[in-house]
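Just below is one structure, and these are the notes that go with it.
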2 protein chains.
Amino acid sequence: MESLDEIDRAILELLQADGRLSGAEVGRRVGLSQPAAAARIQRLEKSGVILGYRAVVDPAAVGLNIHAVVRLRTTHAQLAKALALAERIPDVVSTVRVTGEDCLLFDVHCTHAERLEQVVDSLARFGPVTTSLVLRSYPPKPLPTP
Amino acid sequence: MESLDEIDRAILELLQADGRLSGAEVGRRVGLSQPAAAARIQRLEKSGVILGYRAVVDPAAVGLNIHAVVRLRTTHAQLAKALALAERIPDVVSTVRVTGEDCLLFDVHCTHAERLEQVVDSLARFGPVTTSLVLRSYPPKPLPTP
DNA sequence: CTTGAAAATAGACACCA
DNA sequence: TGGTGTCTATTTTCAAG
């Protein structure tokens with residue numbers, strides 16, 4: 001884990017807001033020359049602080065009208081199988097293992113309710129599921145850099 | 001909502017995996033020329049299918065060792081206040097409103113447990129909270145483009 | 001880290017298939 | 001709509017201070 005100074009934090013915040021900023025633009029905004037900014041960005045990438053860059057796609061704009069959070073309460077023995085299944089279902093875009101009664105938490109994006117039903121049913125093979133429809137997502141913030 | 005063909009879907013998948021690909025590189029991979037690929041990408045951006053580009057930062061690499069999912073069960077009357085509070089807490093990086101008993105779901109990143117305690121306590125002003133520590137996150141997938 | 005120049009690349013545009 | 005060729009603007013890389 002690298003130690004970051006004030007400028008590194010500013011750079012991370014800028015790139016989390018807009019991942020396509022050039023080194024020159026980043027430098028301008030944090031008060032560094034282009035080579036200095038580029039060197040810092042490269043260091044952040046190589047040291048694993050910046051894992052990569054992603055385009056953010058609007059689910060609704062591609063017909064994914066239903067976003068649900070599915071919680072699964074399963075047994076230790078079936079955990080690996082549940083993970084493997086989730087991996088195979090394209091609608092399940094994100095999986096986290098958590099503490100508590102529900103051991104797995106899935107983000108599911110579907111075009112229609114019947115499809116969500118299929119996904120939930122297949123996950124329910126491994127234990128009781130709780131499904132919550134997402135009514136609204138609030139714009140995510142950049143990570144707080146301590 | 002635009003209708004997307006096979007090539008648009010391929011472009012979205014590529015850019016979700018690597019948001020810094022150039023128009024020429026995208027074109028190469030989907031079998032289009034640079035101008036044709038650039039035109040499609042621009043169309044996807046302007047039509048709102050691509051919302052933007054983000055750098056992905058590793059929370060652990062910046063000292064955010066604790067990732068928790070906090071569920072809050074609050075009343076309709078206090079919902080707005082809870083949202084306003086969550087907005088003000090930097091550790092709360094993502095908020096969704098969902099159906100079900102717990103109306104709000106937060107992603108919280110903290111440097112240490114005591115800080116998480118503070119965050120949970122302040123959210124608990126608005127109702128009972130359930131906190132789950134994230135033990136492991138599995139790499140998110142690109143959205144399925146139907 | 002800065003400045004300054006060079007090399008590489010990406011983006012934009014006109015024109016044609 | 002897409003392909004080719006070209007031109008310009010930007011970016012990145014590398015020198016040297």
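Lettering follows sequence order; numbering is per chain, from 1.
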(message) Can you see if the side chain of A:R40 gets near the phosphate of C:dC1 - specifically, an N or O under 4.0 Å from OP1 or OP2?
(response)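 Checking C:dC1 against A:R40, a side-chain N or O does come within under 4.0 Å of OP1 or OP2.
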(request) Determine the contact category for B:G27: base if any of its heavy atoms lies under 4.0 Å from a base atom, sugar-phosphate if only primed atoms, P, OP1 or OP2 are that close, otherwise nothing. (result)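 Counting heavy atoms under 4.0 Å across all strands, no contact is made by B:G27.
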(request) Quick one, give me the B/S/- string for nucleotides 6-17 of chain D, reading 5' to 3', where B means a protein heavy atom under 4.0 Å from the base and S means that only happens at the primed atoms, P, OP1 or OP2. (result) -----SBBB---
(request) Run through A:L79, A:V98, A:V96 and flag the one making a side-chain contact (heavy atoms from CB on, under 4.5 Å) with A:L104. (result)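 Of A:L79, A:V98, A:V96, side-chain contact (heavy atoms from CB on, under 4.5 Å) with A:L104 is met by A:L79 alone.
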(message) A:E45: which residues meet the side-chain contact (heavy atoms from CB on, under 4.5 Å) condition with it, sequence neighbours left out?
(response)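 Here the qualifying residues are A:I41, A:Q42, A:I50, A:Y53.
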(request) Nearest whole angstrom, please: distance from the P of D:dG2 to the CD of B:E6. (result)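 In whole Å, D:dG2 P and B:E6 CD are 14 Å from each other.
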(request) Take atom CG of B:D18 and atom P of C:dA10, then tell me their distance rounded to the nearest Å. (result)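 It is 12 Å, rounded to the nearest whole Å.
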(message) For B:R73, is the CZ atom crowded, meaning more than 12 foreign heavy atoms sit under 6.0 Å from it?
(response)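 Not buried by this count: 12 neighbours or fewer within 6.0 Å.
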(message) For B:Q78, I'd like to know if atom CD has over 12 heavy atoms of other residues, nucleotides or ligands within 6.0 Å.
(response)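 Above 12, so yes.
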(message) Check this for me: does any side-chain nitrogen of one of A:E13 and A:R9 sit under 4.0 Å from a carboxylate oxygen of the other?
(response)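 A:R9 and A:E13: not salt-bridged.
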(request) Locate the shortest heavy-atom distance separating B:A10 from B:V30; write the atom from each residue and the value. (result)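 Here B:A10 and B:V30 meet closest at CB-CG1, 3.9 Å.
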